[in-house]
Novice: 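Got a structure here, written out as structure tokens. Questions coming.
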Amino acid sequence: MATKPASTSFLLLLLLSSSLSPTAAEIKSLTITSDTRNMILLEKFGFTHTGHVTISLSSVSVLPLHPSTSPDPSHLGFFLLSEESYLQILLEIQQNPSLCVLHSHYITLLFTFRDLSPPPSASFNRSFPVTIPNEYSLFFANCAPDTSVSMSLSTRLYNLQPDASPNFLSAGQSPLPSLFFLFGLTYLLFLALWCRVCHTNKLSVHGVHLLMATLLLVKAFNLICAAEDKHYVKVTGTPHGWDIPFYIFQFIRVVLLFTVIILVGTGWSFLKPFLQEREKKVLIIVIPLQVLANLASVVIGETGPFIKQWVTWNQVFLLVDIICCCAIIFPIVWSIRSLRETSKTDGKAARNLAKLSLFRQFYIVVIGYLYFTRIVVFALKTIAAYKYQWVSNFAEEAASLAFYGVMFYMFRPVERNEYFALDEEEEEAAEIALRDEEFEL
């Protein structure tokens with residue numbers, strides 16, 4: 001049965017579409033060549049009551065894989081499907097495996113290939129209103145057995161604003177330009193404050209503090225470019241080149257962030273002017289992996305879910321992100337272990353105990369940041385109503401700002417740092433604490 005695999009395809013697309021990231025533009029032009037898939041997820045978009053879908057087709061060709069078969073044009077077409085209808089349609093197909101999804105009562109059928117102009121033009125161009133607000137997935141379905149489809153396709157998904165101009169951002173993403181711009185300005189203010197702290201404490205400034213300032217600058221530019229990118233997508237449906245600097249700054253920002261965490265976590269520059277061999281290996285591993293992750297991010301953002309390798313690129317991005325998050329934890333753990341060993345022989349017990357306490361706190365902060373931005377933010381994206389998709393972006397940026405604030409405060413350049421300047425009474429108390437800790441261990 002040709003529709004039997006469609007049930008499996010639907011289930012896979014259902015799982016993947018729940019984590020589908022917003023694409024860089026809502027005006028898409030693509031070419032499908034000799035594609036035999038019976039289900040292709042094209043877009044996911046949140047519509048208001050003024051939503052519209054415009055689809056243009058040209059150079060459409062349906063070729064049977066076997067000369068004896070003759071495909072029925074009504075078994076090929078485009079439709080919208082709301083998330084609430086996923087389960088019903090899966091149950092419907094399981095109960096009736098021969099059912100073509102285009103004939104289901106749970107979909108919003110746009111058109112089938114019966115509506116195409118006859119050859120040799122074989123084209124189509126029409127706009128469809130979406131009057132029921134919801135988040136819909138746009139699918140192309142091929143229920144004709146043993147056929148391949150080729151076509152040039154252009155889609156425009158948008159909502160009308162009060163002034164009747166199109167808004168090409170999904171209903172839950174409209175606040176993103178303002179949100180990203182405000183966070184960008186916040187990081188510029190953060191950078192100004194950090195520069196003032198560094199200028200006030202010139203003698204305590206080390207190389208890592210300058211690297212941290214660069215991180216703030218790149219983060220601010222990254223958010224401002226993201227704001228401009230989303231603004232142009234909202235107005236025109238395409239980013240007009242703003243996606244290129246966005247991806248560049250995003251790549252630099254992520255590499256810098258992981259590098260700063262590793263360098264700060266190992267005490268480089270302000271505790272010791274060198275890195276051990278294993279710490280260098282972590283940097284050598286993390287940076288190339290971030291290059292790969294950035295490439296995967298570009299592919300996911302620029303192409304969309306219709307490409308055959310989209311699932312693979314999602315898996316690559318997820319795997320690389322997990323590896324990098326795990327890798328940056330090890331240097332902090334090594335620093336904690338090294339300080340614990342040093343405290344047994346070094347006479348400056350209070351100083352070592354303070355350093356040990358500092359790195360333990362930093363370890364907890366890093367773990368909390370990674371857990372929140374990878375697990376909690378993903379959960380928010382999954383469970384939040386489509387109108388409130390921006391909440392997950394706000395939560396992620398707020399968590400990042402809080403993490404930056406805590407990290408920069410803990411390792412700020414001050415003449416008398418609370419962790420590194422201690423008196424004799426604190427020294428004696430620390431020696432007792434270290435002995436107690438050693439006894440507990």
Novice: Quick one: are Tyr371 and Arg374 in side-chain contact, heavy atoms under 4.5 Å?
Specialist: no
Novice: Identify the residue among Phe180, Phe249, Tyr404, Phe181 that makes a ring pair (Phe, Tyr, Trp, His ring centres under 6.0 Å) with Tyr187.
Specialist: Tyr404
Novice: Would you say the side-chain atoms of Glu92 and Ser104 include a donor-acceptor pair closer than 3.5 Å?
Specialist: yes
Novice: Which residue in the set Ile261, Leu263, Leu257 passes side-chain contact (heavy atoms from CB on, under 4.5 Å) when paired with Thr259?
Specialist: Leu263
Novice: Would you say Ser98 and Asn96 are linked by a side-chain donor-acceptor pair, where the criterion is simply a distance under 3.5 Å?
Specialist: yes
Novice: Output the distance between atom OG (Ser137) and atom CD (Glu43), rounded to the nearest 0.5 Å.
Specialist: 10.0 Å
Novice: Tell me, yes or no, whether the heavy-atom count around Phe330 atom CZ, taken from other residues, nucleotides or ligands under 6.0 Å, exceeds 12.
Specialist: no
Novice: Give me the ring orientation class for Trp194 and Phe408: parallel if the planes are under 30° apart, tilted from 30 to 60°, perpendicular past 60°.
Specialist: perpendicular
Novice: Does some side-chain heavy atom of Ile32 sit less than 4.5 Å from a side-chain heavy atom of Phe140?
Specialist: no
Novice: Yes or no on side-chain contact (heavy atoms from CB on, under 4.5 Å) for Thr214 and Leu210, after CA distance, side-chain angles and deciding distance?
Specialist: CA-CA 6 Å; Thr214 305; Leu210 301 179; 5.6 Å; no
Novice: Please report the interatomic distance CG(Leu401) to CD(Glu396), rounded to the nearest 0.5 Å.
Specialist: 12.5 Å
Novice: Hey, what's the ring geometry for Trp390 with Phe394, parallel, tilted or perpendicular (30° and 60° as the breaks)?
Specialist: perpendicular
Novice: Using side-chain heavy atoms (C-beta onward) and a distance below 4.5 Å, is Thr236 in contact with Phe168?
Specialist: no
Novice: Just do the side-chain contact (heavy atoms from CB on, under 4.5 Å) check on His209 and Met212 with the steps written out, would you?
Specialist: CA-CA 5 Å; His209 296 124; Met212 293 163 77; 4.1 Å; yes
Novice: Going by atom types alone, do Asn142 and Thr147 pair a side-chain donor with an acceptor below 3.5 Å?
Specialist: yes
Novice: What I want to find out is whether Glu83 reaches Lys44 closely enough, with some N-O distance under 4.0 Å, to be called a salt bridge.
Specialist: yes
Novice: Is any NZ, NE, NH1 or NH2 atom of the basic residue among Arg126 and Asp115 found under 4.0 Å from an Asp or Glu carboxylate oxygen of the other?
Specialist: no
Novice: Just checking, any donor-acceptor pair under 3.5 angstrom between side chains of Asp35 and Ser148?
Specialist: no
Novice: Evaluate the side-chain proximity of Lys381 to Gln389: yes if any heavy-atom separation is below 4.5 Å, no if none is.
Specialist: no
Novice: Work out which heavy atom in Leu99 is nearest to a heavy atom in His103; give both atom names and the distance.
Specialist: CD1-CB, 4.1 Å
Novice: What are the two closest heavy atoms between Leu102 and His75, and how far apart are they?
Specialist: CD1-C, 3.5 Å
Novice: Say you draw a straight line from CG of Leu157 to CZ of Phe128; how long is it, rounded to the nearest 0.5 Å?
Specialist: 11.5 Å
Novice: Is there a side-chain contact between Phe111 and Phe79 (heavy atoms, below 4.5 Å)?
Specialist: no
Novice: Carefully, step by step, assess Leu81 and Phe139 under the rule side-chain contact (heavy atoms from CB on, under 4.5 Å).
Specialist: CA-CA 8 Å; Leu81 182 66; Phe139 283 95; 4.2 Å; yes
Novice: Counting heavy atoms not belonging to Leu185, are there more than 12 under 6.0 Å from its CG?
Specialist: yes
Novice: Check Lys230 against Leu169 and note the closest heavy-atom contact, atom names and distance.
Specialist: O-CD1, 3.6 Å
Novice: Just verifying a value: how many Å separate Leu110 CG and Leu80 CG, rounded to the nearest 0.5 Å?
Specialist: 4.5 Å
Novice: How about Phe403 and Val365: do any of their side-chain heavy atoms sit closer than 4.5 Å?
Specialist: yes
Novice: Going through the distances and angles, do Phe258 and Cys324 end up as a side-chain contact (heavy atoms from CB on, under 4.5 Å)?
Specialist: CA-CA 8 Å; Phe258 279 92; Cys324 290; 3.8 Å; yes
Novice: Which atom pair, heavy atoms only, marks the closest approach of Thr31 to Ser152?
Specialist: OG1-OG, 4.0 Å
Novice: Mind checking whether Val62 and Leu76 have side chains closer than 4.5 Å, heavy atoms only?
Specialist: yes
Novice: Can you confirm whether Val101 sits close enough to Asn38 that some side-chain heavy atom of one is under 4.5 Å from a side-chain heavy atom of the other?
Specialist: no
Novice: How about OH on Tyr232, more than 12 heavy atoms from neighbouring residues, nucleotides or ligands closer than 6.0 Å, or not?
Specialist: no
Novice: For the pair Thr373 (side chain) and Tyr369 (backbone), establish whether a donor and an acceptor sit closer than 3.5 Å, ignoring hydrogens and angles.
Specialist: yes
Novice: Could you state the interatomic distance from OG1 (Thr155) to CG (Leu153), rounded to the nearest 0.5 Å?
Specialist: 5.5 Å
Novice: Considering non-hydrogen atoms only, spot the tightest contact between Lys234 and Ser174 and give its length.
Specialist: NZ-O, 3.7 Å
Novice: Would you verify whether the NZ or CZ of Arg412 falls within 45 degrees of the ring axis of Tyr409 while also being under 6.0 Å from that six-membered ring's centre?
Specialist: yes
Novice: The criterion is side-chain hydrogen bond (donor to acceptor under 3.5 Å, both in side chains); which residues satisfy it with Ser82, sequence neighbours excluded?
Specialist: Ser85
Novice: As an exercise, state the distance from CG of Leu41 to CG of Leu138, rounded to the nearest 0.5 Å.
Specialist: 8.0 Å
Novice: Donor-acceptor pairs under 3.5 Å, side chain of residues 45-55 to any protein atom, not counting sequence neighbours: which ones?
Specialist:
from, atom 1, to, atom 2, distance (Å)
Thr48, OG1, Thr50, N, 3.3
Thr48, OG1, Thr50, OG1, 3.0
Thr48, OG1, Asn159, OD1, 3.4
Thr50, OG1, Leu160, N, 3.2
Thr50, OG1, Leu160, O, 3.0
His52, ND1, Thr50, O, 3.1
Thr54, OG1, Ser127, OG, 3.2

Novice: Looking only at non-hydrogen atoms, find the nearest pair between Cys198 and Val205 and report the distance.
Specialist: O-CG2, 3.3 Å
Novice: For a quick test of your reading: what N or O donor-acceptor pairs under 3.5 Å do the side chains of residues 215-226 make, sequence neighbours left out?
Specialist:
from, atom 1, to, atom 2, distance (Å)
Lys219, NZ, Glu397, OE1, 3.1
Asn222, ND2, Phe246, O, 3.3

